[in-house]
Amino acid sequence: MNRSNGSSPDWSITRGGHSGPAARAGVTEAAATSDFLQLDPRDAPRGGLGDWLARRIREAIADGRLTTGSRLPATRTLAAELGVSRGVVTEAYRRLTEDGHVAGRGRSGTVVVAVPPPPPTRPAAARHGSSPAASAAPTSRPDLFTAPPDLGVFDALRATPARVDLTPGLPDLAAFPRAAWLRAERAVLAGLTPSDFGYGDPRGTPALRAAVTRWLSLNRGIVADPDGVMIVNGTAQALRLLVDVLRAEGITDVAVEEPGSLGVRQHLRPLGTPPVPVDAHGVRVDALRATGARAVLLTPAHQFPTGVVLGGGRRRELMDWARDGGLVIEDDYDAEHRYDRPAVPALRAQLPEHVCYAGSVSKLLAPALRLGWLLAPPAYRAALVDAKRLIDLGNAALPQLVLAHLMASGDLERHLRLIRRHHRRRRDAMIGAIRTYLPGAVVHGAAAGLHLMITLDARTYEGSDADLAAAALAHGVKVHPLSWHTQLPHRPGLVLGYAAGSPTQIVEGVKVIGGLV
């Protein structure tokens, strides 16, 4: 077998000969190129095909084109594509194996096993003399906690590695019902006809709209008709559709809870989002009236992030406001997860003609499914369907049918009972850890949901919650500072998710935060 060791001539090229620079490098004009990394051996220096190929693959690993787990082409395949001997490719792969970039995995081939870390950069906060906690933000986004959060802040935080992730918004992803999903998928595929693979109703498949109607009736007290249900790519798309439709109706502001979800405010752009204070009974309807906004977005069953439930008196006040011409957008993001209190009916169940109701399976199954639903008053339905049709012609049908099967078979209900037990144990572990390591913190919203909010007074902590979140991240723990979810001044606090981590990880993370405080 011919081998190129980087010092011998590249006589391993198998295509024949012209004169000129390419031929002097051992590559002819007839040499092939590869779709893999767009490799062209004519770029290789004289006598260095093996070095050149190994270097190009290292560069692709370093800049992210080849990620951990990526499989390299078989040596014989890549050699044929490039018009070189197999020995050239084998030699390059050997060098990459020796320096730890790739590994042979038998029948799985050669895969990337290590991605070199990016070179350290000095955080911008440190250059400007900010506090040590603020300057401890990750090098990939030095402004993660020192600058106002932008549209990419959640993506940046998710991409930042950490030992313990206590950010809110995720259920127990390890408990995803893979076996039940596969059974449902096989059953659905077995019953599909060729026409089922064509374009469908932009509102969603009839099977899922009927299943969602039954689910909401049993679990949220909502009586609806399947024709009034629209399947969307999660609550995020529901909000974006509503933004377009409301703007067309002349609505320029949607009031939001204070504190309230940063993500919701981002999805409501470009509408105005005047803040309405939330107290122990929920949103203050008198303050809502004072904003003059014709619409409001609420999380009444488990307010984000405080966990407050909208009380009976406030519900009656809100219903009066809505009957005077107001529109409520109800984000029912995690109402099924409750532990120490009875179920709270959805606002939509009490006021269907004045409530746009949005829900999803992101907190029930997994955000990756991108499956949710939107129920709107009749006056808005046609415009919403038109907007959905123009955006994507409707969600993918197969996942919809699988979810409908899970709902109809009872598998989704069984899964909910299982993860409630998981989440409750983890919530209890977090509360116990806060009592031990953060005794001065006030805990909010423990009776339901997938997160807790804690607030800190001046006797407990004197800095900003953004500095505290940055310091926690520097110690390997990810959290949300409460200030991300506020528009008005608030005492410092953190929003801590507990559903996606183990009790051991939760205790470790809270212990780190306690040490910093």
Side-chain angles (χ1 to χ4, degrees), residues 123-125 130-131 133-138 140-160 162 164-170 235-236 239 254-269 272-278 297-299 302-308 331 333-334 362-363 367 438 441-445 449-456 461 463-475 477-500 509-510 512-513 516-517:
S130 297
S131 69
S135 65
S140 59
R141 274 291 301 268
D143 63 340
L144 194 59
F145 294 110
T146 60
D150 57 21
L151 286 175
V153 73
F154 294 120
D155 294 332
L157 184 59
R158 279 192 289 266
T160 302
V164 179
D165 187 350
L166 299 183
T167 54
L170 290 176
T235 302
L239 296 180
V254 175
V256 295
E257 297 162 321
E258 172 64 25
S261 168
L262 168 63
V264 163
R265 295 204 310 273
Q266 291 176 337
H267 291 307
L268 289 177
R269 292 183 179 187
T273 54
V276 181
V278 171
L297 190 143
L298 301 176
T299 51
H302 184 243
Q303 199 274 332
F304 185 91
T306 67
V308 169
D331 181 2
Y333 69 104
D334 71 351
S362 292
K363 308 298 185 290
L438 279 166
V442 179
V443 176
H444 308 261
L450 305 177
H451 72 273
L452 301 176
M453 185 182 85
I454 62 171
T455 51
L456 307 165
Y461 180 71
S464 75
D465 52 24
D467 286 355
L468 181 56
L473 185 57
H475 287 77
V477 180
K478 287 198 280 192
V479 298
H480 281 191
L482 176 57
S483 57
W484 275 8
H485 303 287
T486 63
Q487 299 185 75
L488 302 175
H490 277 268
R491 67 173 58 180
L494 299 174
V495 186
L496 307 174
Y498 52 75
V510 173
V512 167
I513 296 168
L516 294 170
V517 169

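Computation of the quantities below employed the complete heavy-atom set of this structure, encompassing side-chain atoms and omitting hydrogens, waters and symmetry-equivalent molecules. Quick caveat, the model's predicted, so the values are computed rather than measured.
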Whether Y461 side chain and L516 backbone form a donor-acceptor pair below 3.5 Å: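 Flag not set: sc Y461 to bb L516 has no pair under 3.5 Å.
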
What's the spacing between [X] [atom1] and [Y] [atom2] if we round to 0.5 Å?
{"X": "L473", "Y": "L144", "atom1": "CG", "atom2": "CG", "answer": "6.5 Å"}
{"X": "L166", "Y": "Y498", "atom1": "CG", "atom2": "OH", "answer": "12.5 Å"}
{"X": "D150", "Y": "L262", "atom1": "CG", "atom2": "CG", "answer": "9.5 Å"}
{"X": "H444", "Y": "T455", "atom1": "NE2", "atom2": "OG1", "answer": "3.0 Å"}

List the atom of [X], the atom of [Y], and the distance in Å for their closest heavy-atom pair.
{"X": "T273", "Y": "V256", "value": "O-CG2, 3.7 Å"}
{"X": "G449", "Y": "D334", "value": "CA-OD2, 3.1 Å"}
{"X": "T486", "Y": "P259", "value": "CG2-CB, 3.7 Å"}
{"X": "P274", "Y": "V254", "value": "CD-O, 3.7 Å"}
{"X": "R269", "Y": "L151", "value": "NH1-CG, 3.6 Å"}

Heavy-atom side-chain contact between L456 and L468 under 4.5 Å: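 In short, these two side chains touch, coming nearer than 4.5 Å.
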
Any L496 side-chain heavy atom under 4.5 Å of I513 side chain: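 The answer is yes, as the side chains (C-beta and beyond) meet within the 4.5 Å cut-off.
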
With R158 via salt bridge (Lys or Arg N to Asp or Glu O under 4.0 Å) - residues at least two apart: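 Counting only residues at least two positions away or on another chain, R158 forms a salt bridge (Lys or Arg N to Asp or Glu O under 4.0 Å) with D155.
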
Considering residues at least two apart in sequence or located in another chain, which fulfil the side chain to side chain contact (heavy atoms under 4.5 Å, CB included) criterion with [X]?
{"X": "P481", "value": "F145, D465, A469, S483, W484"}
{"X": "P367", "value": "L170, P171, L173, S362, R370"}
{"X": "T167", "value": "L157, D165, K478, H480"}

Verdict with reasoning, V264 to D331, per side chain to side chain contact (heavy atoms under 4.5 Å, CB included): CA-CA 9 Å; V264 163; D331 181 2; 3.9 Å; yes

Residues that F304 engages under ring-ring contact (aromatic ring centres under 6.0 Å, His included), provided they are two or more places apart: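 Per chain and number, F304 pairs via ring-ring contact (aromatic ring centres under 6.0 Å, His included) with H451, H485.
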
Inter- and intrachain pairs under side chain to side chain donor-acceptor pair (under 3.5 Å), touching residues 257-268, at least two apart: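 Residue pairs passing side chain to side chain donor-acceptor pair (under 3.5 Å), neighbours aside: E257-T299, E257-Q303, E258-H490.
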
